[in-house]
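Not measured: the values here are computed from a predicted model.
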Amino acid sequence: MSPLAHPMMTAARPAESGLAGPGDLDRYPYAESPGAGRVGPPPWDGADVELGRVGRRAAGNRGRGLHGQLVQQLGQMIVSGDLGADRPLVPEEIGQRFEVSRTVVRESLRVLEAKGLVSARPNVGTRVRPVSDWNLLDPDIIEWRAFGPQRDDQRRELSELRWTIEPLAARLAAGHGREDVQQRLGDMIEIMGHALTQGDGITFSRADAEFHSLLIQLASNRMLEHLSGIVSAALQVSGGPVAGCDRPTEASLAHHARIADALATGDAHAAESAMRQLLTVHPEVERVVPAPREH
């Protein structure tokens, strides 16, 4: 087993998609790659160092199995530019490199194709697609861009999208007095407050993500709800501060409470204003997304 593939394999668990676990895979000898005689280096040459970094980032990757981890590895390599546009992806080479079965490789490439990262055509094979074809709203691609060379652009673009989505969602949500969702919002604020006092950033961020998801749900706009994955991804990516939700603070908690209070009283303007304030808790944000003018 190659040292590159070993960390991924040993950390693998049975895939949630129903694929076999590492002890049950149908291992098979790969034939000589049909692309072995082509001119130029294979797609993997020179990628070892970056792959090591990718592997470390993916080590705690939400408990994904072999299939999910291979999607993660290849996806990050494509988004980072290590596998550039129009580069061929030969299944046999991938299988040999990561020591996984045909089934795992095939299913992983299908997932990447659905995200717009690769295309598979008869007599052409599987190739990496240009960034203009990627589904940039896909939560996985958002996360991969946030850890790659495009991290600054990704965070700026996410912040701009949140400025468009969340104040509008807060204003719309104020017109829908669903008591069950209102109660759940209150529960999330209580959990966030407790987590803040305990210094539990993980619990705080989970309750925070649930709060924002519930708020978009409360807006009762299916198109906005379809975009909720963007907000969830924005709250999960790491890096410098871009919004008040990025780290547990008293100010962030207070703004969440103001949003919930405005929703409870049906004050759409106050809910929208409180959301804008939440998104500019950090002064650095103003250099990324200027606050919209009040009319």
Notebook entry, point to check: Hey, mind stepping through L168 and M275 against side chain to side chain contact (heavy atoms under 4.5 Å, CB included) and telling me if it holds?
Noted result: CA-CA 9 Å; L168 173 61; M275 179 59 76; over 6 Å; no
Note to self: Could you report the tightest heavy-atom contact between F204 and S252, atom names first, then the distance?
What the structure shows: CZ-OG, 4.2 Å
Checklist line | R184 side chain reached by E210 side chain, heavy atoms, under 4.5 Å | finding: yes
Notebook entry, point to check: Side chains of H194 and T203: does their closest heavy-atom pair fall under 4.5 Å?
Noted result: no
Next item on the list: Can you measure from CD (E225) to OG (S220) and round to the nearest 0.5 angstrom?
Entry: 8.0 Å
Next item on the list: Give a yes or no on whether a salt bridge exists between R258 and D261, defined as a side-chain N under 4.0 angstrom from a carboxylate O.
Entry: no
Note to self: For a 4.5 angstrom cut-off between non-hydrogen side-chain atoms, does L279 reach R276?
What the structure shows: no
Margin query: What's the separation between atom CG in L196 and atom OG1 in T249, rounded to the nearest 0.5 Å?
Written below: 7.5 Å
Checklist line | Taking every non-hydrogen atom, the tightest pair across I141 and K115 | finding: CD1-O, 3.6 Å
Check: Side chains of R151 and Q154: does their closest heavy-atom pair fall under 4.5 Å?
Finding: no
Check: Within the side chain of S273, is there an N or O that forms a donor-acceptor pair under 3.5 Å with the backbone of H269?
Finding: no
Next item on the list: Can you measure from CG (L117) to CG (D138) and round to the nearest 0.5 angstrom?
Entry: 7.5 Å
Note to self: Can you give me the closest heavy-atom contact between A271 and A262, atom names plus distance?
What the structure shows: N-CB, 3.4 Å
Please tabulate, one pair per line, all N/O donor-acceptor pairs under 3.5 Å involving side-chain atoms of residues 120-132, not counting sequence neighbours.
unit_1: R127; atom_1: NH1; unit_2: D86; atom_2: O; d: 2.7

Margin query: Any heavy-atom pair between the side chains of E157 and I142 that's under 4.5 Å?
Written below: no
Next item on the list: First locate atom CE of M77, then atom CG of L83, and finally report the distance between them rounded to the nearest 0.5 Å.
Entry: 4.0 Å
Check: Hey, does the side chain of S213 reach the backbone of A209 with a donor-acceptor pair shorter than 3.5 angstrom?
Finding: no
Note to self: Minimum heavy-atom separation for A169 and A219, please, with both atom names.
What the structure shows: O-CB, 3.6 Å
Checklist line | Heavy-atom side-chain contact between H226 and L137 under 4.5 Å | finding: no
Next item on the list: Would you please name every residue forming a side-chain hydrogen bond (donor to acceptor under 3.5 Å, both in side chains) with E190, sequence neighbours left out?
Entry: none
Item checked: Minimum heavy-atom distance between V181 and L214, given as atom pair plus value -> CG1-O, 3.9 Å
Notebook entry, point to check: Where is the tightest heavy-atom contact between L109 and L74, given as atom of each residue plus distance?
Noted result: CD2-CD1, 4.3 Å
Next item on the list: Would you please test E143 and Q72 for side chain to side chain contact (heavy atoms under 4.5 Å, CB included) and show each step?
Entry: CA-CA 10 Å; E143 179 181 333; Q72 182 85 352; 3.7 Å; yes
Notebook entry, point to check: Could you give the distance from CD1 (I191) to CZ (F211), rounded to the nearest 0.5 Å?
Noted result: 12.5 Å
Check: Are R110 and E113 close enough, and set up right, to give a salt bridge (charged side-chain N to carboxylate O under 4.0 Å, His left out), and what steps lead you there?
Finding: CA-CA 5 Å; R110 285 178 180 172; E113 185 173 17; over 6 Å; no
Margin query: Does any part of the side chain of L70, heavy atoms only, come nearer than 4.5 Å to the side chain of I94, both counted from C-beta?
Written below: yes
Margin query: Go through it in stages, so that I can follow the logic: the residues are R162 and H212, the test is side chain to side chain contact (heavy atoms under 4.5 Å, CB included), and I'd like the CA-CA distance, side-chain angles, deciding distance and then a yes or no.
Written below: CA-CA 11 Å; R162 290 188 67 190; H212 289 266; 3.7 Å; yes
Margin query: Do L215 and L263 make a side-chain contact, defined as non-hydrogen atoms from C-beta onward lying under 4.5 Å apart?
Written below: yes
Next item on the list: Kindly compute the distance separating CD (Q150) from CG (D152), expressed to the nearest 0.5 Å.
Entry: 10.5 Å
Note to self: Determine whether V79 and W134 satisfy the following criterion, side chain to side chain contact (heavy atoms under 4.5 Å, CB included), listing intermediate values before the conclusion.
What the structure shows: CA-CA 9 Å; V79 170; W134 299 354; 4.0 Å; yes
